[in-house]
Number of protein chains: 4
Amino acid sequence: MAPTPPFPGKDKVQVPPVATGTSSGTSPAKRAQILEGAARIFAEHGYEGASMSCIARNAGVSKGTLYNYFDSKAVLFCAFIEQCTREKLPLMFRRIDEGATMADSLEHVARELIELITSPLSLMLNRVIVSEAATFPELAKTFWANGPQQATSILAAWLTRAPQSELLDVPDAMFAAEQFYALCQTHIAGRARMQLPVDTSPAYIDFVARSAVRVFLNTYQRSGARLPPLTYSPAP
Amino acid sequence: MAPTPPFPGKDKVQVPPVATGTSSGTSPAKRAQILEGAARIFAEHGYEGASMSCIARNAGVSKGTLYNYFDSKAVLFCAFIEQCTREKLPLMFRRIDEGATMADSLEHVARELIELITSPLSLMLNRVIVSEAATFPELAKTFWANGPQQATSILAAWLTRAPQSELLDVPDAMFAAEQFYALCQTHIAGRARMQLPVDTSPAYIDFVARSAVRVFLNTYQRSGARLPPLTYSPAP
Amino acid sequence: MAPTPPFPGKDKVQVPPVATGTSSGTSPAKRAQILEGAARIFAEHGYEGASMSCIARNAGVSKGTLYNYFDSKAVLFCAFIEQCTREKLPLMFRRIDEGATMADSLEHVARELIELITSPLSLMLNRVIVSEAATFPELAKTFWANGPQQATSILAAWLTRAPQSELLDVPDAMFAAEQFYALCQTHIAGRARMQLPVDTSPAYIDFVARSAVRVFLNTYQRSGARLPPLTYSPAP
Amino acid sequence: MAPTPPFPGKDKVQVPPVATGTSSGTSPAKRAQILEGAARIFAEHGYEGASMSCIARNAGVSKGTLYNYFDSKAVLFCAFIEQCTREKLPLMFRRIDEGATMADSLEHVARELIELITSPLSLMLNRVIVSEAATFPELAKTFWANGPQQATSILAAWLTRAPQSELLDVPDAMFAAEQFYALCQTHIAGRARMQLPVDTSPAYIDFVARSAVRVFLNTYQRSGARLPPLTYSPAP
DNA sequence: CATGAATGAGAGTTCATTCAT
DNA sequence: GATGAATGAACTCTCATTCAT
């Protein structure tokens, strides 16, 4: 066999852990304009598939300007992900509205959670962050802290502080919230992330949400009769 | 502003639904050798990040040989994913061993499920398939059918045919299995997919597994007292 | 025998009828510089035999710049051919100068035609267009329209409008011009296209030109005695 | 500007003037079989566009066998062209049949000449030889000697030895034959070589042939009245 | 001798990045 | 500060040629 060069990996230089900040670039408006253009391209083509020329064109600036505001493609990508996770993701967690009963409130939470999980923004972020997790580990941290972590924390806090929380037996609120979160995902999230067809009819979402609540309360509600499983029959 | 052409991104050439086979290369050993090298590179760098030169070097063959066995990078990628999903994934679903009780049996299933979900192979497949879901939709289908779908089906079948299944009230076995699957994932799967640190200590896995079983049975077990939530205290 | 795939040759990608222009590159000077370099290489090696690296080197630009000005090798080739045929070929058809007699005028035309036919530009265009006629049929059309067609038309027009044209009996001026054109070529053109040695001495050219005129007029001149054939004796 | 390497030409190694012969290869049948396959591919794709794999496949032999019979692609190409020009081209020059009159005989010759010039074999040879004239100058020599040269010589010989040749005044038979040859081509040959549409209707061919004869005889026939030009009207 | 898998240089093309204007 | 033409390394893929079987 021919003598093979010693480096076993790929030829590309690994991107150093870049700070999100940038060297120059003064106009916040232009910065935002660039990020908007970048968002469209990164969301559609991913990190590797996006080209700086394309982003510049899409943002309506020259490539030189692009590099005035962001030192490299990696920096721009990080800025884009950070912005989404820091600014847009938290907006998706609305206050938990109180329902008449614990079950009503949780059902509301479940529906919002499912909607959140299957939202285009959330799926896109999930996709690109998972894709580039090895290259940009910081992004995953930020995303997790502002996404699932935050949602779980809010729910956990509510579980201990809700008006009817004395009805609950929740020794580990964070874990209980995790389980609730998981019960809301079922296979919907997994399939949506892989762009496989998903039943998102209101009836099915409702069934999933109410089932999640039922299963959750059967364990975490302090007293009362156990609720039997629900069934789902698609609309005739 | 300069007149910008209308195409915002670059055109990904869609790969036709090619058979995994190829025209000439016939030695199964060399084919396997190439797939091994490709696996290392694709797993580490994803589809776009992997280069054929690098794969060839890593597999110990020339680029020409690579193309003798696989007509294009896309075909090689598909072959790699298909092989993993078709040949390796199903091996991970072992028979469901019967325990003394329903809870024992389910706990065993839960532990295996968690192990499966967090296995490097499963995580890697998840990652690259999610990354390239838009480009290779067929791969997602295959993965889902051989992975989550199959696991869920096996569990659903067991739920209705297990020795003690008369103890269960499972009107929709597939959905119940989905919920069980989801309860096993909690945040472990999500964090692992993003290469974030995960507590995989046996004690924690055990806690997650037993909690999943408890929550599940509190809804789906036909009779008996409700089991209270468990708590987890890390090893001292 | 091994099972042979059905495609016997390779697939030439057909170039869409692209405009000569390009998306970005704007400096006409650099464009011209590139076309000059391309001309040298295409003229020497033909389309397939020329490499973009070589053209870039020869034009004194990088490959990237090449592709800034021309989207592909095919587009560059077309631009080169089009420029030659549209801009340079027509310049070669000078006005037809009036001589003292019809024969004088036609002899002048014949000499210019022979010179044109055997000019390096004309031979090169002929060669590369013939080579790639199947791949770039449009180029052949353009060449013909700006080359032989135009020359023939000009001559045909002159035959009907020349001062002494009442001396001629030309029922089909285009065909007569074609015959005159053909008589000027004899074997000179054919041999030159194949880069075989050709006698281009003024004496021989003169002989060919005068012979062409004589043969032509013996048929198309309305009256007068028939002129006998000429003879050629190489210079001592 | 960046420092450009000194070599201005292309990277490809120029093919040395190879002998037509080959090193080994013993079976004439297999040799012929290979040449047949090569003919199909070279004729369709030209020299550069043909690949040895494709030729081997088309000829029904392995690439190894190909190289047993022909040392290189260049040698194979030369062998193919030589075979065509040496064996097939001469077959196309049939004896010149005597007609009732000189004009009848020449008309017959003219029609055969036009047919020959526009035959697929002749056009293909012309095309590939012109394309590769710079690379394989020997081929052009061989083609010319066996094609145009031979045709012209045969005609020239007939002009001096024909039964009615005393009716002619042909001081330079070779040149007269050349003129006749040229008059038969008009624009038909040029357009056919460029794969442009050509009127090959029998009526038009007849017109061209008879016009050629008329123009020829008006100069080279010793006596008799001058014949006026013909006209052509397409079939209704 | 015939085979066809293996080779590796080189093809056309893209794109992150720089820098003179 | 903004521009976009220029760069050149790296990409995917092809193919003439070799050689172990």
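Numbers restart at 1 for each chain; the letters A, B, ... are given by sequence-line order, proteins then strands.
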Flag side-chain contact, heavy atom, 4.5 Å: [X] against [Y]:
X       : Y       : answer
F136(A) : I129(A) : no
M124(C) : F42(C)  : no
S27(C)  : Y69(C)  : yes

Not counting sequence neighbours, which residues clear side-chain hydrogen bond (donor to acceptor under 3.5 Å, both in side chains) with [X]? List them please.
X      : value
K63(A) : S53(A)
R40(B) : N58(B)
S62(D) : T65(D)

Exercise. Is any side-chain N or O of N68(C) under 3.5 Å from a base N or O of dA5(F), one able to act as donor and the other as acceptor?
Worked result: no

Exercise. Along nucleotides 16-21 of chain F, 5' to 3', which nucleotides get a B, which get an S, and which get a -, given that the test is a protein heavy-atom distance under 4.0 Å?
Worked result: SBB---

Distance, rounded to the nearest Å, where [X] contributes [atom1] and [N] contributes [atom2]:
X      : N       : atom1 : atom2 : value
L76(D) : dC15(F) : CG    : C1'   : 15 Å
F70(B) : dT12(F) : CZ    : C1'   : 16 Å
L66(A) : dT3(F)  : CG    : C1'   : 12 Å
I41(A) : dC15(E) : CD1   : P     : 12 Å
Q33(D) : dA2(E)  : CD    : C1'   : 12 Å
H45(A) : dA16(E) : NE2   : C1'   : 17 Å
I55(C) : dT13(E) : CD1   : C1'   : 14 Å
N58(A) : dC15(E) : CG    : P     : 15 Å

Exercise. So what's the dot-bracket for DNA chain E: Watson-Crick or G-U pairs under 3.5 Å, [ ] if a pair crosses, | if it pairs off-strand?
Worked result: .||||||||||||||||||||

Exercise. Checking E82(B) side chain against L139(B) main chain: does a donor-acceptor pair fall under 3.5 Å?
Worked result: no

Seminar exercise, completed: Sequence neighbours excluded, the answer for side chain to side chain contact (heavy atoms under 4.5 Å, CB included) partners of A39(C) is F80(C)

Exercise. When you check the phosphate oxygens OP1 and OP2 of dA5(E), does a side-chain N or O of T65(B) lie under 4.0 Å from one of them?
Worked result: no

Exercise. Does a nitrogen or oxygen in the side chain of S62(D) sit under 4.0 Å from OP1 or OP2 of dG4(E)?
Worked result: no

For this session: Measure from NZ or CZ of K73(D) to the centre of the six-membered ring of Y47(D), then state whether that distance is under 6.0 Å and the direction lies within 45° of the axis.
Result: yes

Problem set entry | Nearest to side-chain heavy atoms of K30(A), which nucleotide of dA2(F), dA6(E), dA2(E) | dA2(F)

